[in-house]
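Accompanying notes for the structure given below.
When a ligand or atom number is given, it counts from 1 through the structure's own listing order.
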Amino acid sequence: MEVIRHNKPYLGAEEGQAVARVLATGWIDEGPVALELEKALASYLGGGGALMLSSGTAALFLSLKVMGVGAGDQVILPTYVCSALLNAVYMSGAEPVLVDVLESDFNLDPVRVAASCTGKTKAIVAPHIFGFPADLRSLTSLGIPVIEDAAQALGAKYAGKPVGSWGACSVFSFYATKVITGGQGGMLFSSQQDLIERARDYREFDCRESYYPRFNFKMTDIQAALVRCQFSRLQDFADRRRQISERYRAVLAGRVRFQEEGPEADPLFYRFVIRTGSRESRDRLKGYLSAEGIETIVPIERHELLHRYLDQNPEGFPVSEQIVDETLSLPIYPALQNEEISRVCSALEGAFL
Ligand SMILES: *Cc1c(COP(=O)(O)O)cnc(C)c1O
């Protein structure tokens with residue numbers, strides 16, 4: 001029995017051809033392909049500027065840098081998220097302020113965010129976790145610049161507009177497991193061109209007339225060719241992910257709880273995360289599916305919660321503490337074959353008999 005992996009990139013013949021074309025030009029560093037990709041993605045996000053980077057983490061760090069966030073400032077971020085955000089905030093020199101999430105969509109709780117703002121708060125980093133858009137209307141109305149972390153959410157919309165186009169700026173990732181990929185890679189987007197120009201300046205470290213510490217955060221044209229090819233498939237990818245999510249929902253309705261989108265949110269089904277009600281039932285289901293050759297993951301484990309890393313009192317983060325125990329992520333990606341989807345569905349039926 002072949003194991004169904006939890007994640008796998010979709011890479012077709014066109015991706016290979018796109019990379020081969022770059023190799024044939026002899027220009028494999030950042031170049032014309034990355035510039036074209038910036039234009040295409042900025043246009044998708046409604047105009048403004050985009051900058052291709054080496055990773056989503058680099059994009060987060062640069063977003064803080066060009067917004068002037070540093071030592072003495074505070075940055076709000078959720079505790080229920082990967083450590084890349086915390087790393088970027090520390091790299092900027094600012095102090096991270098962790099906030100709990102909503103039980104419905106696992107995104108930043110705007111009421112708790114408002115209560116955590118101080119005179120030192122310079123930015124709010126708002127991820128769209130598992131592709132589900134955060135409450136952007138509330139978060140962007142607090143008078144503090146919002147950095148949207150759309151690393152898992154390219155293709156999702158909020159009130160009819162793509163996520164990533166709402167905040168002061170936004171970041172994307174093209175890591176191997178993300179919605180579209182170049183192996184590694186990231187992007188910073190903003191409708192404020194001056195922010196993007198400052199970020200571009202920071203990245204162009206070589207042969208400058210005047211010096212300040214800059215850094216090499218470039219993407220290569222080899223990666224850009226891959227990402228551009230994948231970007232042309234975005235709508236197909238999004239449709240396919242939705243289809244798979246509907247198959248799973250049909251089997252699981254009434255048996256588990258789902259991540260619920262907010263009123264104006266139109267998710268990109270980056271992850272299919274269910275809540276089983278308890279750690280025991282979650283671990284039992286994980287074991288059952290594993291025996292059926294289906295790989296699942298616990299998307300965020302208790303010890304990975306950022307307040308646990310920082311040794312802060314768990315009582316301040318009751319929702320995150322609760323959901324880490326119950327959540328399980330099922331395989332959902334465009335490379336998943338029809339018969340594999342059916343195998344997952346049958347196994348889920350069997351698990352709940
Ligand atoms: C993957 C991810 C990042 C980091 O992106 P990298 O390209 O891996 O550095 C940041 N935030 C979120 C929400 C992510 O999923």
Write none if no such pair exists; otherwise list each N/O atom of ligand 1 with its protein N/O partner under 3.5 Å and the distance.
unit_1	atom_1	unit_2	atom_2	d
ligand 1	5 (O)	S173	OG	3.4
ligand 1	7 (O)	G56	N	2.8
ligand 1	7 (O)	S173	OG	2.7
ligand 1	9 (O)	G56	N	3.3
ligand 1	9 (O)	T57	N	2.9
ligand 1	9 (O)	T57	OG1	2.5
ligand 1	11 (N)	D149	OD1	3.3
ligand 1	11 (N)	D149	OD2	2.6
ligand 1	15 (O)	Q152	NE2	2.9
ligand 1	15 (O)	K178	NZ	2.9

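- Taking the ring centroids of F231 and Y44, they lie under the 6.0 Å cut-off.
- Using modelled atom types, one finds a donor on one side chain and an acceptor on the other under 3.5 Å when comparing D100 with S320.
- A distance of 6.0 Å or more separates the ring centres of Y10 and Y333.
- The CG atom of L98 lies 5.0 Å from the CZ atom of F317; values are rounded to the nearest 0.5 Å.
- Side-chain rings of F215 and F217 approach one another, their centers coming within less than 6.0 Å.
- Proximity of the aromatic rings of F272 and Y248 is defined here by a centroid distance below 6.0 angstrom, and this criterion is met.
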